[in-house]
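This report concerns only the one structure given below.
We name chains A, B, ... by the order of the sequence lines, and we start the count at 1 in each one.
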Number of protein chains: 2
Amino acid sequence: MQNLITHIKKHVTLSEAETKFLSSNIKSIHVKKKEFLLQEGNICKANYFVEKGLLRMFFINEKGVEQITQFALENWWLSDYMSFIMQTEAKFYIQAIENSEVLVVEHHKQEELFKQLPQLEKYFRIMTQRAYAASQMRFKYFYDYSKEENYRLFVSLFPKFVQRIPQYMLASYLGITPEYLSELRKR
Amino acid sequence: MQNLITHIKKHVTLSEAETKFLSSNIKSIHVKKKEFLLQEGNICKANYFVEKGLLRMFFINEKGVEQITQFALENWWLSDYMSFIMQTEAKFYIQAIENSEVLVVEHHKQEELFKQLPQLEKYFRIMTQRAYAASQMRFKYFYDYSKEENYRLFVSLFPKFVQRIPQYMLASYLGITPEYLSELRKR
DNA sequence: GTTCTTTCTTAAACTAGCTTAAGTTTTTTC
DNA sequence: GAAAAAACTTAAGCTAGTTTAAGAAAGAAC
């Protein structure tokens, strides 16, 4: 839980007692590689924080193929937000790519946390704003660059991350076929 | 300003005095069709709320063509969030498509507002979560559907909105050429 | 250390969506 | 209400990225 506490304290203040209260309302779990935190059709009950490891979010498209829309590394929050905030059926799967340690903030406990620790409103406002800002930029890249350019951009921005995932997952995230990715690498 | 007040009161409580304080920290402006609220390279100084009218956000791509990434209708917030929260150079333009009435929450005043009216943290957390949730779904559509399917989906979801904008703007938003959109309509 | 499974590569045929270019229709301006 | 500007259409040729299919390499499991 230490990563999260440190992360929160960068943005708002938390007393010892408050930290304890927070900790007691957040579960920490180990998720094995390939294990699911969420499956399509279920209701997304929690917001997940990656303490250690790597998660992916994907859906199964019309052709039955997995389409990855997001990864989550250490210190990132991940959730199917539409399902989480509306408590409706999820459209996505969330699965561990590596054995991971994940913090689980359940929906009903989050409400309680906001009541007791109002400064968390600010923390989550800032986190969501950042995520949203990142997503605006990601749309820009989607529109602006060809698949090939997007691939080269991704590799140059996150060279270490590329080592950590199989190529077919990168292809899926970039919205191209593994065959085409293979061709791009050859060039 | 009434639309915004009503909108906020759906999510948090505001006393008379608080409403007054809020109003005094938010500017209301008229923006004429084609007028800019933000241009690329400037720092995005405000978060904009559409009381009436229609805005678009776009950037100029490598080929010199305008690429629309978002529209904002009545009761929507719009901003280049990366520029707004980091106070760095904007990558986008924000421009009025129709004569509009827009509320302007400036960056430095927002800080003050959060201090005086902490319940606004909650309001903006909820708004940003919604925007982010919508953007996760939009990525899904981007990955899942062909351009043609995306066009048909958009028309079926927002038939009235389609009437309100020129076709070339819809084409731009969908990431296709106006020529191709014209072909799709014919089918 | 052999077998099974998962991941990656190569290459040829194919298609969704783009480019170019010219013409038509609609909207704006004076 | 005529002229200019902006928006839309049509069609032919083109290209980025897909599909299909088969084989090679690497990792995991026993």
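Every residue two or more places apart in sequence or in another chain was checked for a ring pair (Phe, Tyr, Trp, His ring centres under 6.0 Å) with A:F21, and none qualifies. Checked against side-chain contact (heavy atoms from CB on, under 4.5 Å), B:K45 has no partners two or more places apart in sequence or in another chain.
Counting only N and O atoms by type, the side chains of A:Q119 and A:E18 include a donor and acceptor under 3.5 Å apart.
Boundaries of the chain B contact region on DNA chain D are D:dA7 to D:dA11, first to last in 5' to 3' order (nucleotide atom under 4.0 Å from a heavy atom).
Using a cut-off of 4.0 Å between Lys/Arg side-chain N and Asp/Glu carboxylate O, B:K20 and B:E16 are scored as not salt-bridged.
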Report all interatomic pairs (protein N or O, nucleotide N or O of nucleotides 26-30 of chain C) with separations under 3.5 Å.
none

Between protein and nucleotides 5-9 of chain C, what N or O pairs are separated by less than 3.5 Å?
residue	atom	partner	partner atom	Å
C:dT7	OP1	A:Y168	OH	3.3
C:dT7	OP2	A:Y168	OH	3.4
C:dC8	OP1	A:Q167	N	2.9
C:dC8	OP2	A:Q167	N	3.1
C:dC8	OP2	A:Y168	N	2.9
C:dT9	OP2	A:Q167	OE1	3.0
C:dT9	OP2	A:S182	OG	3.0
C:dT9	O5'	A:S182	OG	3.2

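The aromatic rings of B:F114 and B:F124 sit perpendicular to each other, their planes meeting at more than 60°, with 30° as the lower class boundary. Taking the six-membered ring where tryptophan is involved, the planes of B:F71 and B:Y173 are tilted, since the angle between them lies from 30° to 60°.
Sorted by first and then second residue, the pairs that involve residues 26-37 of chain B and meet side chain to side chain donor-acceptor pair (under 3.5 Å), not counting sequence neighbours, are B:K27-B:E106.
Look at B:S146 and you won't find any side-chain N or O under 4.0 angstrom from OP1 or OP2 of C:dA16.
Under a cutoff of 6.0 Å and an axis angle of 45°, B:R138 and B:Y141 do not form a cation-pi pair.
Put simply, OH on A:Y180 is 14 Å from C1' on C:dA16, counting in whole angstrom units.
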